[in-house]
Amino acid sequence: MSKKPKAPRNPNTYTPKERNLYLLGMVGQNMIYNIINTGLVYYLGQVIFIPAMATSVIFAVARIWDAINDPMMGTICDHTHSKWGKCKPYLMFVPGVVCIITILTFINAQYSETGSLSSKVFIIGWAGLSYILYGMSYTAGDIPLWGVTALMTDDEKQRANLLSLARIAAGLGGGLALLTIVNVSQALGRVLMERMDDPATAMQYGFIIVAVVMTLISTALFQCAGAVKERVPQSERHYTLKENFQVMWRNKPFRKILISAILRSPFQLLTLIAITLLSYYYGNGGRDDYTLYLLFLGAAIFGGQFIAMAFAPALASKFEKKKVFNFCNFLSGIPFALIFVVYLIAPQDLDKWSWLCVLFVLFALAGAGTGVVNVLQSVMIADCVDYEEYTTGVRPDGVFFSGQSFATKFGSGLSSIIQGVVYTLIGFSGDGVARVNEVLLPKDSTVLFKEAYPEIAMAMFFLVSIPPAIGCLLSIIPTWKYPLTNKEHAKILEFLRVRRIVAKEKGIDVGKVTEAEVIETAEKSGINLEPVSEDLASVAAKARIHNSNN
């Protein structure tokens, strides 16, 4: 029997090589994210002992700036015209800048409450300035990295698959950095302690060396994303920064997704605190079996995420996206809450395998829910870009994906404030951390963290459980009546496809093609253009009138 011939490849979609290079770039970029989001946060608080509230203020100020910086970068990206496109230039040239600034964030001195005022100001000031510069450079690469997915293909299924793989790659890169940056740095620090008189300095040098090596490797991978090609044609018209803020709010589906992402942001406490919790509760300054605990619990949450992410596109195509999105937020919220309940039941026994298995199940379920939500969030934002192009003829890929970037950074900032307040209240800040380390780190220490510092252990378990659970459950509220259904989006995609055909045939800008011309071409070509719902059509009509008046 002869083999069935393969269907011809859509010329307006990415090649396997482009996809693979893009995914390598995603791995590298998210490694850098957690080198900072996990490694730097731990480094500032537990290695060079900057007070917890000072770190929180730094993150909060940076996030306020990002509220403006992200849409600005999205606007710049959407206005970019080059021979490579509008996103690719940034993917080619930004990674090197991010590399240098990431390394500089770790080049700092140790903070002491007995130090001079000038030294305190310099240490905190440099931590703040370098982190803000990092955030700006990271944004210049992050928004184009996600925005380019809507430009690499005009096939909805191909785009959904790419975004699913991108989320898996992002999780893989972020998880790799989360599980290694602190632990490898601590291991190297303990080796250096044998050759240095000051344990704190040895631990600091261990972090700096590992951060430099991991950043260089991550940057090399991030650079691979610059090999992609943009294929979806762009309108010549673009929004100003002011218009972009208006559009982000006016586009009802995007507004709901953005609000949902902001409400879910306390989930990021897990990224900020998990390694600190594992390091102290299970590692206790260097227990031999710590790596086994780390791999076991890490496999739970990341395994749950990756498996769920792989099934996300199939779930989104078979069921309504918003229903899957809301169900998975609920699915992750409940096990998050139960983690703290488990701690309250057995605060001293969570390193026993019976309780570890219970935590494994809870972390796996929480990871699975968040994995699907992360994929669908990106897919639904890309759908909102299509909806905006349908209503106005403009594709604000960069601006809309800047909303995703902002929500992530806002969550990191909010989480750091919550962390800082709680750590300050329990005395796990500045010299208080140094005193805990002095008790736990010596090789001959017999003190157990969970017994000597139960209030700190409880606070950490609370932070990785209750706020994320509340955030996941609250995030369902905005998307409960999400208006852009799968069926309506399919109609919009077909309309856009015909509109691009008309624009190509007439040699005009996509945004200048009228709805009447699209309908006429569809009828002549025998293409069935089903009308969108009255609500969506009404919004589109108002948007077109608004644009014509401006």
Side-chain angles (χ1 to χ4, degrees), residues 66-67 70-71 74 78 142-143 145-147 149-150 156 159-160 162-164 166-167 170 239 244-268 309 312-313 315-317 319-333 369-392 394-412 414 471-490 492-493 535-536 539-540 543:
D66 278 338
D70 281 3
D78 284 335
D142 185 52
I143 291 170
L145 185 64
W146 286 102
T149 57
E156 181 184 22
R159 186 172 65 191
L162 180 63
L163 285 168
S164 175
R167 279 295 187 178
Y239 294 131
N244 277 327
F245 279 108
Q246 294 172 340
V247 166
M248 291 170 72
W249 188 254
R250 188 183 69 221
N251 188 301
K252 187 176 180 179
F254 178 76
R255 182 173 74 239
K256 288 179 174 291
I257 289 293
L258 184 60
I259 295 174
S260 175
I262 291 173
L263 290 175
R264 195 169 67 97
S265 59
F267 162 75
Q268 298 229 26
M309 285 175 175
L315 291 173
S317 62
F319 304 102
E320 197 64 51
K321 291 190 186 85
K322 77 168 184 178
K323 292 183 179 180
V324 178
F325 184 86
N326 291 334
F327 174 78
C328 288
N329 267 315
F330 179 81
L331 175 66
S332 55
T370 55
V372 174
V373 168
N374 286 339
V375 172
L376 289 188
Q377 177 180 289
S378 297
V379 171
M380 292 164 80
I381 288 176
D383 292 351
C384 293
V385 175
D386 294 328
Y387 177 61
E388 185 63 27
E389 183 183 2
Y390 166 73
T391 59
T392 65
V394 179
R395 285 190 67 85
D397 308 89
V399 170
F400 276 28
F401 275 98
S402 75
Q404 175 175 274
S405 177
F406 165 71
T408 300
K409 293 175 183 178
F410 178 87
S412 177
L414 177 62
C472 289
L473 297 177
L474 287 178
S475 67
I476 298 172
I477 297 173
T479 53
W480 190 256
K481 293 185 178 181
Y482 183 73
L484 189 55
T485 65
N486 291 11
K487 184 177 181 180
E488 295 301 316
H489 181 241
I492 288 171
L493 283 179
D535 288 342
L536 294 183
V539 172

What side-chain donor-acceptor pairs closer than 3.5 Å can you find for residues 370-380, not counting sequence neighbours?
from, atom 1, to, atom 2, distance (Å)
T370, OG1, Q305, NE2, 3.4
T370, OG1, A366, O, 3.1
T370, OG1, G367, O, 3.0
N374, OD1, R264, NH2, 2.9
N374, ND2, T370, O, 3.3
S378, OG, R167, NE, 3.1
S378, OG, R167, NH2, 3.1
S378, OG, Q404, OE1, 2.9

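- In this view, F410 and F406 satisfy the ring pair (Phe, Tyr, Trp, His ring centres under 6.0 Å) rule, not counting sequence neighbours.
- No donor-acceptor distance shorter than 3.5 angstrom exists from the side chain of S260 to the backbone of K256, with no hydrogens or angles considered.
- Between the side chain of T485 and the backbone N or O of E488, at least one donor-acceptor pair lies under 3.5 Å.
- Here the shortest heavy-atom pairing between I262 and P266 reads O-CD, 4.3 Å.
- The salt bridge (Lys or Arg N to Asp or Glu O under 4.0 Å) search around R159 returns D383, D386, not counting sequence neighbours.
- Without hydrogens or angle criteria, S332 side chain to N329 main chain gives a donor-acceptor distance under 3.5 Å.
- Between C384 and Y482, the shortest heavy-atom distance links the atoms SG-OH, 3.6 Å.
- How far CG of L414 is from CZ of F267: 14.0 Å, rounded to the nearest 0.5 Å.
- Going from atom CG of L263 over to atom CD1 of I476 covers 11.0 Å, rounded to the nearest 0.5 Å.
- To the nearest 0.5 Å, atoms OG (S475) and CD1 (I257) are separated by 9.5 Å.
- D142 meets the side chain to side chain donor-acceptor pair (under 3.5 Å) test with Q29, W146, S405; sequence neighbours excluded.
- For the side-chain contact (heavy atoms from CB on, under 4.5 Å) test, residues two or more places apart in sequence or in another chain that qualify with K323 are E320.
- Between the N486 side chain and the S317 main chain, no donor and acceptor come within less than 3.5 Å of each other.
- In terms of the side-chain contact (heavy atoms from CB on, under 4.5 Å) criterion, residue partners of I477 (sequence neighbours excluded) are, by chain and number, L474.
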Test side-chain contact (heavy atoms from CB on, under 4.5 Å) applied to R250 and T391, step by step: CA-CA 11 Å; R250 188 183 69 221; T391 59; 5.7 Å; no
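- S265 pairs by the side chain to side chain donor-acceptor pair (under 3.5 Å) definition with nothing, not counting sequence neighbours.
- The ring pair (Phe, Tyr, Trp, His ring centres under 6.0 Å) search around F325 returns none, not counting sequence neighbours.
- Considering all non-hydrogen atoms of both residues, G403 and F254 come closest at CA-CZ, 4.0 Å.
- Counting all heavy atoms, side chain and backbone alike, L315 lies closest to V324 at O-CG2, 3.9 Å.
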